Amino acid sequence: MDYVSALVPPVVMAVFFIGVIRVIVKTQGGANKAKEDAAVDAVLARADGARRASAGDA
């Protein structure tokens with residue numbers, strides 16, 4: 001029975017890893033892709049604007 005206790009942790013980790021990969025793949029794209037892209041673009045634009053404003057002050 002030692003072999004069962006030796007195999008359980010890798011099998012559990014493999015199942016968990018497969019589940020994480022499935023969630024990542026399923027959440028790529030879809031209906032929320034445009035909204036997520038717009039949010040990222042807004043954050044990047046805000047950071048770029050702040051960087052340019054601080055560079056203009058110096």
Side-chain angles (χ1 to χ4, degrees):
M1 290 305 269
D2 288 338
Y3 62 92
V4 173
S5 62
L7 289 176
V8 168
V11 170
V12 170
M13 288 190 302
V15 169
F16 179 73
F17 182 72
I18 290 170
V20 168
I21 297 300
R22 287 177 52 113
V23 167
I24 290 172
V25 169
K26 282 187 175 187
T27 58
Q28 297 300 308
N32 290 329
K33 183 171 179 20
K35 191 188 323 181
E36 292 170 0
D37 288 347
V40 170
D41 289 342
V43 169
L44 291 176
R46 188 178 311 144
D48 187 43
R51 184 182 53 84
R52 288 183 186 206
S54 65
D57 293 340

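Just so it is clear, the model here is predicted, and its values are computed rather than measured. Just so you know, these numbers use all the heavy atoms, side chains as well, and skip hydrogens, waters and symmetry mates.
With sequence neighbours left out, I24 forms a side-chain contact (heavy atoms from CB on, under 4.5 Å) with V20, Q28. Among residues two or more places apart in sequence or in another chain, the side-chain contact (heavy atoms from CB on, under 4.5 Å) test is passed with L7 by none. By the salt bridge (charged side-chain N to carboxylate O under 4.0 Å, His left out) test, D37 is found to be paired with K33, residues two or more places apart in sequence or in another chain being considered.
With contacts defined as side-chain heavy-atom distances shorter than 4.5 Å, the pair V40/E36 does not qualify.
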Item to complete: Would you check, one step at a time, whether the test side-chain contact (heavy atoms from CB on, under 4.5 Å) holds for I21 with F17?
Response: CA-CA 6 Å; I21 297 300; F17 182 72; 3.9 Å; yes
